[in-house]
Protein chains: 2
Amino acid sequence: MPRDHGRSPHHAETEETRRAILHAARDLFTKLGYRAVTTRMVAEASGVKQPLLYYHFADKEALYLEVQREHTAASQAALERIAARQNASVPERLRDVVHYLRQTHQQNMGLLFHEMRHEMSPQMQNALRNLFQTRIVEPITAIFEDGIRSGFLRSPAAGGISARMGTYLLLSSSSNLSTMASREDETSQSSVFGKEREAIDAIVHTLMYGMVDHTTVEPEHVP
Amino acid sequence: MPRDHGRSPHHAETEETRRAILHAARDLFTKLGYRAVTTRMVAEASGVKQPLLYYHFADKEALYLEVQREHTAASQAALERIAARQNASVPERLRDVVHYLRQTHQQNMGLLFHEMRHEMSPQMQNALRNLFQTRIVEPITAIFEDGIRSGFLRSPAAGGISARMGTYLLLSSSSNLSTMASREDETSQSSVFGKEREAIDAIVHTLMYGMVDHTTVEPEHVP
DNA sequence: CCTACCGATCGGTAGG
DNA sequence: CCTACCGATCGGTAGG
C-alpha cells in the first residue's frame, strides 16, 4: 500500500486518525513551537505510534504546514468577518481581532518568525510567510486602511504610520500579552480572563490614542 | 586539576579562553536563542574543543546565565544613563533606549520568554527573570514614571496605562522591528540603517501620540 | 586543555 | 497501522 500522505482517504477511520494527529499537532505546535515538538509527542498525544505520522504526512514540516494551513484558514474567515463590520468602530474591531487571536491560541509572533528564519527549509519559509501574510496580516490591515480612509487615523502622508505597520504593532503587542498581564499586578484577585480583557483594551486604546495626556499638554506634532 | 568553572583564573591565558567562549556564546545565543545553539557550535566559534566548555562552565545553562549576566549588566548601565537625562524629553529617551537595544543585538523577546518558560530549569527561570526585570525593565520603566509624574503621560488613575505596561509595549514592538521593517516597503532604495531609525521613531511616536488623527476628529476619550 | 566516548533522543525508514 | 531499527546529533563525562 503506497503512502498517499492523506490525499485520498479511502477509509473513514483513516481520515479520523489523520484528524486526531492534526488536532494534537496543532495544540503542541502552538504551545511549544516547531522545534520543541517531537514527532513522538504528537504520536502519543493522538494515540498512535510514531512511524504512523509518516504514513499520513511526508515529514515533520509537511505536518506543520498542514496545521498552519487549517489554522490560518479558520483565522482568515473570522478576521474578515470582523473587518467587514463597518458599523463597528476601528478600535472596537481591533479589540475583537486581538480577542479572537487570543482565544484561538495565537502563536508567539517572535517565536514564529524566529523559527521560520532558522528552523525551516526555504520553501517552508515562503509557504508560511504567504499564509501568514494573506490570511492574518491582510484582513487586519484592512481595518487600519478603513480607519485611514475615513480620516479617523492619520495617513502616512500626514505623519501617520502605514496600515501594515499598525498591524505589526498590534500583533507584536498582543503576542506577548500573557507575559505582560501576569507581571502587571502581582497582588491580583481578579480572574485571568478579566485581566486579559483589560489588557487588550489598554493595548488598543494606547495604539489609538497614545500615552500622552492631552488634557494637560497640547500634543507636540513631531513628524 | 579540579574544575573551578572559571572562578579563580590562575593563568591569564585561561581567562582569555574563557572570554573567547563567552564572546562566541553571546553572539550565538542572541542570534539563535538558547535551544538552537549547541555546545559544539560555541566551541568551534571560540576555537576550542567542545569538552573544554565544561572546564570553564558547569553546563550549558551556566554558560547561558553568565552570558546574560554580562549582557544585562552592560545594558543596565547604558539604560540608566539614558533614563537619567532629565533634559531630554520622554519620547527622545525612549527612542534612544530602543536604538541602544537594537545596536547591542537585543534578543527576540517572544523567543526569550518562550525559552525561559519551556527550556530552562526553574532556578534558571528565576535568575533570568530577575536579571531582565531589574536590569532592563526597571530602568526603562523609570522613564515612563518620569513622564507620568510630570503630567506628560496619562496616569493609570486617569485612564492611562502603567509605566511597566508601557515598557512591555515598547519592548514587544521593538523586538520584532527587523521583521516589520523588512516588510514595510519591498521597493526600498534607502539603507537598512535609515529604515530602522525611521521605524524606531514611528514606534515611539505611535506609543506617545497614537494613530488617531486629532486634526480631523476630537479624540473620543474611551476609558 | 585534549582524545575518546557515553546514553539519550531526534527525524525518518524498512518491511511487513 | 505496527515492530524494529537506522544514522545523526545532542549534552555531558572519563581519564589523562
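Below, read A as the first sequence line, B as the second, and so on, with proteins coming before strands; counting in each chain starts at 1. Excluded from the calculations below are hydrogen atoms, water molecules and symmetry mates; all remaining heavy atoms, backbone and side chain alike, are included.
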inquiry  = For a 4.5 angstrom cut-off between non-hydrogen side-chain atoms, does B/Leu101 reach B/Leu171?
reply    =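 Counting from C-beta outward, B/Leu101 and B/Leu171 do come under 4.5 Å.
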
key: Sub-4.5 Å side-chain heavy-atom contact between A/Asn108 and A/Asn176   =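 They are in contact (side-chain heavy atoms under 4.5 Å apart), so the answer is yes.
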
inquiry  = Classify B/Val37 by what it touches in the nucleic acid, base, sugar-phosphate, or nothing, heavy-atom distance under 4.0 Å.
reply    =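 The answer is sugar-phosphate, as B/Val37 gets under 4.0 Å only of primed atoms, P, OP1 or OP2.
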
How long is the line joining [atom1] of [X] and [atom2] of [N], in whole Å?
X: A/Glu44; N: C/dT9; atom1: CD; atom2: C1'; result: 14 Å
X: B/Phe57; N: D/dT13; atom1: CZ; atom2: C1'; result: 18 Å
X: B/Tyr55; N: D/dG12; atom1: OH; atom2: P; result: 19 Å
X: B/Leu52; N: D/dG16; atom1: CG; atom2: C1'; result: 15 Å
X: B/Met41; N: D/dA8; atom1: CE; atom2: P; result: 19 Å
X: B/Arg35; N: D/dT9; atom1: CZ; atom2: P; result: 16 Å
X: B/Leu28; N: D/dG11; atom1: CG; atom2: P; result: 12 Å
X: A/Asp59; N: C/dG12; atom1: CG; atom2: C1'; result: 9 Å

inquiry  = Suppose we define a pair by two distances each less than 3.5 Å, Watson-Crick or G-U wobble; what does C/dA4 pair with here?
reply    =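 Pairing partner: D/dT13.
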
In terms of side-chain heavy atoms of [X], which of [options] is nearest?
X: B/Tyr54; options: C/dA4, D/dC2, D/dG12; value: D/dG12
X: A/Thr38; options: C/dC10, D/dA4, D/dG12; value: C/dC10
X: A/Lys60; options: C/dT3, D/dA4, C/dG12; value: C/dG12
X: A/Arg40; options: D/dC5, C/dC1, D/dG11; value: D/dC5
X: A/Pro51; options: C/dT13, C/dG12, D/dG12; value: C/dT13

request  = Please determine if A/Glu16 and A/Arg19 form a salt bridge, counting it only when a charged side-chain N lies under 4.0 Å from a carboxylate O.
outcome  =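 Salt bridge flag = no for A/Arg19 with A/Glu16.
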
query = With the threshold set at 4.0 Å, does a side-chain nitrogen-carboxylate oxygen contact exist between B/Glu92 and B/Arg95?
reply =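 Salt bridge absent between B/Glu92 and B/Arg95.
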
query = So which one's nearest nucleotide on DNA chain D is more toward 5', B/Tyr34 or A/Gln50?
reply =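 Residue closer to the 5' terminus by nearest nucleotide: A/Gln50.
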
message = Nearest heavy atom decides the nucleotide; on that basis, is A/Lys49 or B/Thr39 closer to the 5' end of DNA chain D?
response =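 Nearer the 5' end of the strand: A/Lys49.
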
request  = Over 60° means perpendicular and under 30° means parallel, so classify the ring planes of B/Tyr64 and B/Tyr34, tilted if in between.
outcome  =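 Ring orientation of B/Tyr34 relative to B/Tyr64: perpendicular.
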
